[in-house]
Amino acid sequence: MDHAAFVAHELIAWHARFGRHDLPWQRETTPYRVWVSEIMLQQTQVATVIGYFDRFMQRFPTVAELAAAPLDEVLHLWSGLGYYSRARNLHRAAQLVVAEHGGELPASAEALANLPGIGRSTAAAIRALAANERGAILDGNVRRVLSRVFLVGTGTEREREKKLWQLADDCTPQENVATYTQAIMDLGATVCLRRRPLCPGCPLNARCGA
């Protein structure tokens, strides 16, 4: 089994036992709910996001209701999460979805990536988690896991970025994409920590370059 296939195989198996399975946005998986959760989770830990997500969904259960709301109300519900540009972009993107996409999030990662605040990695995550559609993601957790496992540390920033995207694509399986995507994010968030990673409990330990 090559290195990339090993990563996917081990992460999917690990997730079945140790991954997170009962987060609010996993209980009723829709593109809209996944999108909101992914934006909230940028720069913010899961434990903090859960309460905000539940309150946000109670008030704005659909894209249309978010789009129609005053920005001040959206920002009020976001208060305490920080990085308020995320909330502004979420609101603006919802308005564009209603105006240009009939109130439904675009069904392609490319179209999603063109909406305010989404971008390539988040778009792929939305499609993977909501539709099991194959696409490479490279958020902070995934970047850390891949950088360590494959020892990506040399070259210019642009060269490292290109290498990481290639590795992210190589490791993403053809099947079980949603599980793999959640697994590699979970591993970075709970095991492959920025400081003091829990290496003995990591399913990739045997082939980790770091």
Practice item. Determine yes or no for a side-chain-to-main-chain donor-acceptor pair under 3.5 angstrom, with Arg134 supplying the side chain and Glu175 the backbone. Key: no
Point to revise | Test ring pair (Phe, Tyr, Trp, His ring centres under 6.0 Å) applied to His3 - qualifying residues, sequence neighbours left out | key: Phe150
Point to revise | side chain to side chain donor-acceptor pair (under 3.5 Å) evaluation trace for Arg86 with Thr44 | key: CA-CA 11 Å; Arg86 294 181 298 171; Thr44 309; 3.2 Å; yes
Check your understanding: Can you check whether Arg20's main-chain N or O pairs, donor with acceptor, with Gln26's side chain at less than 3.5 Å?
Key -> yes
Study note, to complete from the structure: With sequence neighbours left out, the residues meeting ring pair (Phe, Tyr, Trp, His ring centres under 6.0 Å) with His21 are His15
Review point. Given Leu129, which of Val34, Val177, Thr179 fulfils the side chain to side chain contact (heavy atoms under 4.5 Å, CB included) condition?
Key: Val34
Point to revise | Nearest atoms (heavy-atom pairs only) where Asp54 meets Pro24 | key: OD1-CB, 3.4 Å
Per-pair distances, 0.1 Å, donor-acceptor, side chain in residues 192-210, under 3.5 Å, sequence neighbours excluded:
from: Asn205; atom 1: ND2; to: Cys199; atom 2: O; distance (Å): 2.5
from: Arg207; atom 1: NH1; to: Met1; atom 2: O; distance (Å): 3.0
from: Arg207; atom 1: NH2; to: Met1; atom 2: O; distance (Å): 3.3

Exercise for review: Before giving the answer on side chain to side chain donor-acceptor pair (under 3.5 Å), spell out for Asn141 and Arg144 the whole-Å C-alpha distance, their side-chain angles and the decisive distance to 0.1 Å.
Suggested key: CA-CA 5 Å; Asn141 286 321; Arg144 185 167 58 256; 2.7 Å; yes
Point to revise | Contacts of Tyr52 that satisfy ring pair (Phe, Tyr, Trp, His ring centres under 6.0 Å) - sequence neighbours left out | key: none
Atom pairs and distances, donor-acceptor, side-chain atoms in residues 56-77, under 3.5 Å, two or more places apart:
from: Arg59; atom 1: NE; to: Glu73; atom 2: OE2; distance (Å): 2.4
from: Arg59; atom 1: NH2; to: Glu73; atom 2: OE1; distance (Å): 3.1
from: Arg59; atom 1: NH2; to: Glu73; atom 2: OE2; distance (Å): 3.3
from: Thr62; atom 1: OG1; to: Glu65; atom 2: N; distance (Å): 3.1
from: Thr62; atom 1: OG1; to: Glu65; atom 2: OE1; distance (Å): 2.9

Exercise for review: Any pair with a residue in residues 95-132 that passes ring-ring contact (aromatic ring centres under 6.0 Å, His included), sequence neighbours left out, goes on the list, sorted by first then second residue, please.
Suggested key: none
Exercise for review: Decide yes or no on salt bridge (Lys or Arg N to Asp or Glu O under 4.0 Å) for Arg143 and Glu161, but give the supporting numbers first.
Suggested key: CA-CA 9 Å; Arg143 187 182 302 273; Glu161 189 76 1; 2.6 Å; yes
